[in-house]
Q: 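Sharing a structure, written as structure tokens. Questions coming.
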Amino acid sequence: MNLNELNAIAKKMVAPGKGLLAADESTGTIKKRFDAIGVQNTEDNRRDYREMMFRTGTAMKEHISGVILYHETIRQNAKDGTPLVKLIEAAGSVPGIKVDAGAKPLAGNPGEVITEGLDGLRERFQEYHKLGARFAKWRAVIDIGAGMPSYNCINANAHALARYAALAQENGIVPIVEPEVLMDGDHDIARCEHVTTWVLKEVFQQLFFAGVALEGMILKPNMIVPGKKCAKQNSREDVARATVKVLKDCVPSAVPGIAFLSGGQSDQEATAHLDAINKIGNLPWAVTFSYGRALQAAPQAAWSGKTENVGKGQAAFAHRALMNSLAALGKWSKTDESKAA
Ligand code: 13P
């Protein structure tokens, strides 16, 4: 492992005003997104859709430091035959790859899940590195509910994240460590704060046991928010304060950057929360976005699978990328939303 190289890649991923595009939806997940806009889930449509984003010049060059790809996409060519990875690299952005095999039911803990995909991962990392990937992502999923999460669920997922991260670094790839505490329930913000603290403490302990170099990784956490079904929805400032408190309590300053998931927040909420967090300031890490839905919902709707809408889809993507770039600098305001990208 060359730690200087890993550290340089990690810093590039969280460079000021830049963040990550999570375009690593599995074929099943992108089907749900395409169903919502009436687009057939074919290999060509998946290619056309992602090519549209990767060819959005300003967004890719100025605001998107890296793109998380799915295993189909990292091998896919644009319509003119150029590998999609080359489009990303040409924009000065870093290609990355989702390597987990998804969350499966956790034996012994009904209702909870464990992320799979460790078997054969060393060889897969070697192949992905040859294909151009310089960072990777593994997502663990923790649900909050009655009697959940269990210690077994947190511990098993933290252990898998640490084994994945160590293997990534061994192969010259920066691991994005993503322990996602879901915002689906009716729990309040205090419960999210408590569970996320517990999860992050366990994750960093397992990363230590596995010998993962914190300087060569990126953390991708959830923000501290109440569950979607909670009667009390907190202010943006509450969310920002609670999120910064938990992160300062749990994330060593050796970690170069934190890149949040959007997790089902609306586009504007995800932007406003990131902005409020950065407005608090004096943070020991770069704090930015690694959004899937909050960067793509608008371009998906604008494109809707029609070639004549590519320009509109690109404008929508460029706009969200710019808004999140401003938020990563703590310089966004609601009035920016009405500006054209
Ligand atoms: P969302 O921003 O849609 O939560 O997706 C980010 C991601 O990569 C989840 O693993």
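Counting starts at 1 for both ligands and their atoms, in listed order.
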Q: Need the ligand 1 atom indices (1-based, order shown) with element for anything under 4.0 Å from a heavy-atom of K137.
A: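 Answer for ligand 1: 7 (C), 8 (O), 9 (C), 10 (O).
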
Q: Go through ligand 1 atom by atom and flag the ones less than 4.0 Å from a non-hydrogen atom of Y291.
A: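 The atoms of ligand 1 under 4.0 Å from a heavy atom of Y291 are 2 (O).
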
Q: Would you check, one step at a time, whether the test side chain to side chain contact (heavy atoms under 4.5 Å, CB included) holds for S93 with L21?
A: CA-CA 10 Å; S93 192; L21 165 64; over 6 Å; no

Q: Heavy-atom contact check, 4.0 Å cutoff: does A270 meet ligand 1?
A: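 Under 4.0 Å: no for A270.
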
Q: Counting each atom of ligand 1 from 1 as listed, which ones have a heavy atom of S290 under 4.0 Å away?
A: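 Those qualifying, in numeric order: 6 (C).
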
Q: Just grab all the ring pair (Phe, Tyr, Trp, His ring centres under 6.0 Å) pairs involving residues 49-96, residues at least two apart or on different chains.
A: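 Counting only pairs at least two positions apart or across chains, the ring pair (Phe, Tyr, Trp, His ring centres under 6.0 Å) contacts touching residues 49-96 are F34-Y49, Y49-W303.
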
Q: What protein heavy atom lies closest to atom 6 (C) of ligand 1? Include the residue and the distance to one decimal.
A: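 Result for atom 6 (C) of ligand 1: K220 NZ, 3.3 Å.
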
Q: Considering only NZ, NE, NH1 and NH2 on the basic side and carboxylate oxygens on the acidic side, decide whether D184 and K228 come within less than 4.0 Å.
A: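 Answer for the salt bridge query: yes.
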
Q: One residue to check: R293. Relative to ligand 1, which of side chain, backbone, both or neither has a non-hydrogen atom less than 4.0 Å away?
A: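 It is both backbone and side chain that touch ligand 1.
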
Q: Please set out all donor-acceptor pairs under 3.5 angstrom arising from side-chain atoms of residues 311-318, sequence neighbours excluded.
A:
unit_1, atom_1, unit_2, atom_2, d
Q314, NE2, M52, O, 2.9

Q: Heavy-atom distances under 4.0 Å are what count here, so tell me which part of A22 touches ligand 1: side chain, backbone, both or neither.
A: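 The side chain, only.
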
Q: Do any N or O atoms from the side chain of N155 and from the backbone of N152 form a donor-acceptor pair under 3.5 angstrom?
A: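 No, N155 side chain to N152 backbone: no donor-acceptor pair under 3.5 Å.
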
Q: Nearest 0.5 Å, what's the CG-CZ distance between D119 and R124?
A: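 If I round to the nearest 0.5 Å, the distance is 10.0 Å.
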
Q: What are the atoms of ligand 1, with element, lying closer than 4.0 Å to any heavy atom of S262?
A: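 Within the 4.0 Å cut-off of S262, ligand 1 contributes 1 (P), 2 (O), 3 (O), 4 (O).
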
Q: With the threshold set at under 4.0 angstrom, would you say K98 reaches ligand 1 through any of its heavy atoms?
A: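 No, K98 has no heavy atom closer than 4.0 Å to ligand 1.
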
Q: If we only consider heavy atoms of G263, is any one of them less than 4.0 Å away from an atom in ligand 1?
A: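 A heavy atom of G263 does come that close to ligand 1.
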
Q: Under a 4.0 Å threshold between the charged nitrogen and the carboxylate oxygen, would R75 count as salt-bridged to E127?
A: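 Judged by the 4.0 Å cut-off on N to carboxylate O distance, E127 and R75 do form a salt bridge.
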
Q: Considering only heavy atoms from C-beta outward, does the side chain of K201 approach that of D249 to under 4.5 Å?
A: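 Yes, at least one pair of side-chain atoms sits under 4.5 Å.
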
Q: Does ligand 1 have an atom that lies less than 4.0 angstrom from a heavy atom of Q296?
A: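 Checking ligand 1 against Q296, which is what was asked, there is no heavy-atom contact under 4.0 Å.
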
Q: To check your reading of the model: name the closest protein heavy atom to atom 5 (O) of ligand 1, its residue, and the distance in Å.
A: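 So the nearest neighbour among protein heavy atoms is G292 N, 3.5 Å.
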
Q: Is a side-chain donor or acceptor of Y291 paired with a backbone partner of A270 at a separation under 3.5 angstrom?
A: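 Yes, the answer is positive, given that a donor and an acceptor are paired below the 3.5 Å cut-off.
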
Q: Given E180, E178, R33, which has its nearest heavy atom closest to atom 9 (C) of ligand 1?
A: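 Minimum heavy-atom distance to atom 9 (C) of ligand 1 goes to E178.
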
